[in-house]
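For reference, the structure discussed in these notes is given below.
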Amino acid sequence: MAAKPATAPVLDWSWNHTPATSAALVAGGAYALAATGSVTGLPPTHALMVAGAGAAAQSVADLVQHRPAGHIVARCAAWLTAGGWTASALADHTPLTWGMTGWWSAGTVAGMTLARGLVRAEESARTERHQRKLQKWANKQAGEWHDRLHRLFRLEGHQVDGVRPWKGDVGYTVLVTMPSDTPELPADAVRKLAVDLRLPKGGGIQILDGETYGQTLIRVTAVDVLAQQINLPDTPTDTTVTSIYDGIPLGLKPDAEEARIAVVDDCVLVVGQTGSGKTNTVNVANAGALRTNNTVVMHIDVTGAGISLPWLHSWAAEGTAGVPLIDWTADTVEEAHILCDTVIAGIGARKTGHQDRLTEDDKLTVTHDLPEVLVVVDEIAELPPALLRKLDTIVNTGRAVRVRVLICGLRATQDVITAAMKKQSRGRVGMRVSDPEELSHLFPTGGARINPKSAPYKGCGFYSSPDADDVVSDPTAFKAYRITPKQIRALSVTYAERRPKLEDVFLDTEPGEYYASRWGRILPRLYKTGRLAPTTNPYTSGDTLYPPINPLTGIPITTATDPDDDNAPTPRTVAAASPAPARSGPQVSGDLLSIILSTARTTPAQAPVTTSGGDDATVIRADFGRVIQQAGTPEDRPSPVPQLLAEAHQHVVAAGGRMWSSDLAAAHGLDPRAFGTELNRLLRDVGVERPGVGTVRIGDESKSGYLAETLAEAIQCYRNTQ
């Protein structure tokens, strides 16, 4: 096991001194000069020459900085006083006597007090000058806006109460009290004002209601912040420890203020079309959550763990981070089921196990020892219905115990995002889209007034999130920070040591027994034959535990009993010395396919077994995939499962759990159109819908197809009808 990278002490060579310490250093230099000069016979005139040169240089510097004359005189007097004391000490050779030391101490204290007072006075004067300059500018702007509103809209009796500039000089806000007979500006006011101000392309006008009726806020964006590439700040000041209660920064708004989303009480929904910068925004959100020391981040990305690999590289490949930044990465549907089962069980465990912490509030308080669990789900359209139902459970039940979900998808429509996810996600982020209706569908309030042209660049979008008063703001444009893989690796090392751990209460559940060996299952798939860093040894050195698989649904069984299979097999344990080999091509994930085929080989094909229930009591078992099992029925009773559906399920399972429609039809030797029509009819007859409007991704390509889980659900519905 490699030792954790130590942080070596770094010497600070910068001159970060206060005015008082600077005066003390000058006094100390004078005393040292007098002490050594008296021994070596230094003439007193040398001290006077140094003091005179220092006073002259100080005068020039003060004149350049336009300091007051009184301050210049005081500084020069301080230099000459220090020089006079040094010359006197050199002349009498008495710097180490009590009398000279007392005068030196008094002069030092006076110099420190004087320096501190002068700086404070200058800061106050500088602030006053800035305020006067700002007030002069605001008064001028107020007069111009008063005339502009009268000229463009013929207002009478209105009043411009103030003009406040924004940070970074990118715009300003005008507060206007409207007359009683004209409480609002006309509908074309935005266009007229933008033209009258001759705003640059990318600038704009936003008209909002004030705090009281009759007040109007006119926000003027004079600089196109959204057009710029804004790198994620990563200076030492920008990587200090934060709290999840501070929210997660995403980027900058048009007024250069930071756009933040709250994830403590509410889930977050992020949507955006391909190429909009959605993945970059998700990684920025990852960076914001990982900067805290009270948040555990988990990922579900069954399309290759793309959002996790950059954050795992420093730990798994380079060995520069001592712990994984992402606490759990579900790269397959099977692993996602295990993760969700563990989280759901952990939610229940926290509700019963932390009752003593619920004193002032009915929700847990997040700390380093009791962290929030943030589950980030990417490409949610690729998840099967059973997994979506588990995510709905987490979304609906995890708020009080601080388990929240950040959901990412290409669209916010019901065929991609479930109703529960959308309803519980008060934080909304919509990246660049081409259709305004998609933003209107995403944002229930204010979405109709959004113009996609207000955020036309890659990495731009709109967001809304509850504020400090728990009021959801109207959708606001923002530009996401840009984060690079190189930057992610550097931040991974910085953030690794502050990562919290899940408490025992959360993991002391039945599904929790699969938590410790999670990386033993995941890393061989992610890195295949690649060599892993020694920092992964503590997470993979133990036995790797695989949950049993329900042979009908293909879903891992993480509890003692499975509602769909009471005779489920026991968990499999794989020794750490023989990790599961990486497999290529489409697959269900893990060792699901091998278990399925093993089950098929050990199950007699349509072998009737007579039981003691009577002459007519029979049990008919079929090959896995045909799912024909009857008890207590006549032998000649036909199976309730249509043969086409059973055989289709068998082909899809053998192909790895997902299969395109054309390939499935070819496996049956049927016309693709006729085959699809008939199979879809069989699904509709029992109310089963295909997720993602029937789109299935295999590799990097998406086509119409079928999931084994969808067909298994239909088979179970047919069986329940007998």
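Heavy atoms only: backbone and side chains are in, while hydrogens, waters and symmetry mates are out. A quick note: this is a predicted structure, and the numbers were derived from the prediction, not measured.
Side-chain contact of Glu258 with Tyr481: a donor-acceptor pair under 3.5 Å is present, judged by distance alone.
Residue Leu406 holds its CG atom at 14.5 Å from CE of Met298, rounded to the nearest 0.5 Å. For the atom pair Cys460 SG and Met431 CE, the distance stands at 7.5 Å (nearest 0.5 Å). Rounding to the nearest 0.5 Å places CG of Asp331 at 4.5 Å from CG of Leu526. Atom CD1 in Ile557 sits 5.0 Å away from atom CG in Asn550 (nearest 0.5 Å). Here Asn294 contributes atom CG and Arg498 contributes atom CZ; the two are 11.0 Å apart, rounded to the nearest 0.5 Å. Put simply, CG on Asn231 and OG1 on Thr484 are 7.5 Å apart, with the number rounded to the nearest 0.5 Å.
Nearest heavy-atom pair, Pro254 versus Val225, reported as atom, atom and distance to 0.1 Å: O-CG2, 3.4 Å. When all heavy atoms are compared, the tightest approach of Tyr245 to Val264 is CE2-CG1, 3.7 Å. Between Pro249 and Val284, the shortest heavy-atom contact is O-CG1, 3.5 Å. Between Ala262 and Ser465 the shortest heavy-atom distance is N-OG, 3.0 Å. Looking at every heavy atom in both residues, His354 comes nearest to Leu370 through NE2-CD1, 3.5 Å. Closest heavy-atom contact between Thr237 and Arg291: O-NH2, 3.4 Å.
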Does the side chain to side chain donor-acceptor pair (under 3.5 Å) test come out yes or no for Tyr515 and Asp327, once each step is laid out? CA-CA 10 Å; Tyr515 175 84; Asp327 190 72; 2.7 Å; yes
Before giving the answer on side chain to side chain contact (heavy atoms under 4.5 Å, CB included), spell out for Thr329 and Asp301 the whole-Å C-alpha distance, their side-chain angles and the decisive distance to 0.1 Å. CA-CA 8 Å; Thr329 296; Asp301 183 2; over 6 Å; no
Applying side chain to side chain contact (heavy atoms under 4.5 Å, CB included) to Glu257 and Trp166, what does each step give before you reach the verdict? CA-CA 8 Å; Glu257 293 291 336; Trp166 300 344; 5.8 Å; no
Can Val403 and Val343 be said to form a side chain to side chain contact (heavy atoms under 4.5 Å, CB included), step by step? CA-CA 8 Å; Val403 178; Val343 171; 3.6 Å; yes
Carefully, step by step, assess Glu709 and Leu387 under the rule side chain to side chain contact (heavy atoms under 4.5 Å, CB included). CA-CA 10 Å; Glu709 187 172 336; Leu387 200 51; 5.7 Å; no
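A 4.5 Å side-chain heavy-atom check between Glu503 and Asp369 finds every atom pair outside the cut-off. Looking only at side-chain heavy atoms (C-beta outward), Val270 and Tyr463 stay at 4.5 Å or farther from each other. The shortest distance between side-chain heavy atoms of Cys340 and Ile394 falls below 4.5 Å. In this structure, the side chains of Lys458 and Gln229 stay at 4.5 Å or more apart for every pair of heavy atoms. Within the 4.5 Å cutoff, the side chain of Val297 has no heavy atoms near those of the Trp311 side chain. At least one side-chain heavy atom of Ile380 sits less than 4.5 Å from a side-chain heavy atom of Leu388. Trp519 is not listed as a side-chain neighbour of Thr536, based on a closest heavy-atom distance of 4.5 Å or more. Val296 is not listed as a side-chain neighbour of Trp328, based on a closest heavy-atom distance of 4.5 Å or more.
Remark: Lys390 NZ is packed, more than 12 non-hydrogen atoms of other residues, nucleotides or ligands lying under 6.0 Å away. By the neighbour-count criterion of 12 heavy atoms within 6.0 Å, atom NZ of Lys501 is sparsely surrounded, having that number or fewer from other residues, nucleotides or ligands.
Among residues at least two apart or in separate chains, side-chain hydrogen bond (donor to acceptor under 3.5 Å, both in side chains) pairs with a member in residues 396-405 are Asp265-Arg402. For the salt bridge (Lys or Arg N to Asp or Glu O under 4.0 Å) condition, no pair includes a residue of residues 238-254, sequence neighbours left out.
Within the 3.5 Å criterion, the main-chain N or O of Leu232 finds a donor-acceptor partner in the side chain of Gln487. A donor-acceptor pair under 3.5 Å is formed between the side chain of Lys479 and the backbone N or O of Gln228. Under a 3.5 Å cut-off, the side chain of Arg357 and the backbone N or O of Leu364 do not form any donor-acceptor pair. Using a distance-only test at 3.5 Å, with no hydrogens or angles considered, a donor-acceptor pair links the side chain of Thr535 to the main chain of Trp315. Listed for the Arg426 side chain is no donor-acceptor partner under 3.5 Å among the backbone atoms of Asp266. No side-chain donor-acceptor contact under 3.5 Å links Ser425 to the backbone of Lys422. Between the side chain of Thr320 and the backbone N or O of Val493, no donor-acceptor pair lies under 3.5 Å. Distance alone, capped at 3.5 Å, is enough to place a donor-acceptor pair between the Arg499 side chain and the Thr292 backbone. Between the side chain of Thr544 and the main chain of Thr540, no donor-acceptor pair closer than 3.5 Å is present. Side chain of Glu382 to main chain of Thr303: no donor-acceptor pair is present (N/O by atom type, distance under 3.5 Å, no hydrogens or angles).
Here Arg521 does not pair with Glu334 in a salt bridge; the nearest charged N to carboxylate O distance is not below 4.0 Å.
When each of Thr509, Thr342, Asp341 is checked for a side chain to side chain donor-acceptor pair (under 3.5 Å) with Thr558, only Asp341 meets the rule.
Applying the side-chain hydrogen bond (donor to acceptor under 3.5 Å, both in side chains) test to Thr365 and every residue at least two apart in sequence or in another chain returns nothing.
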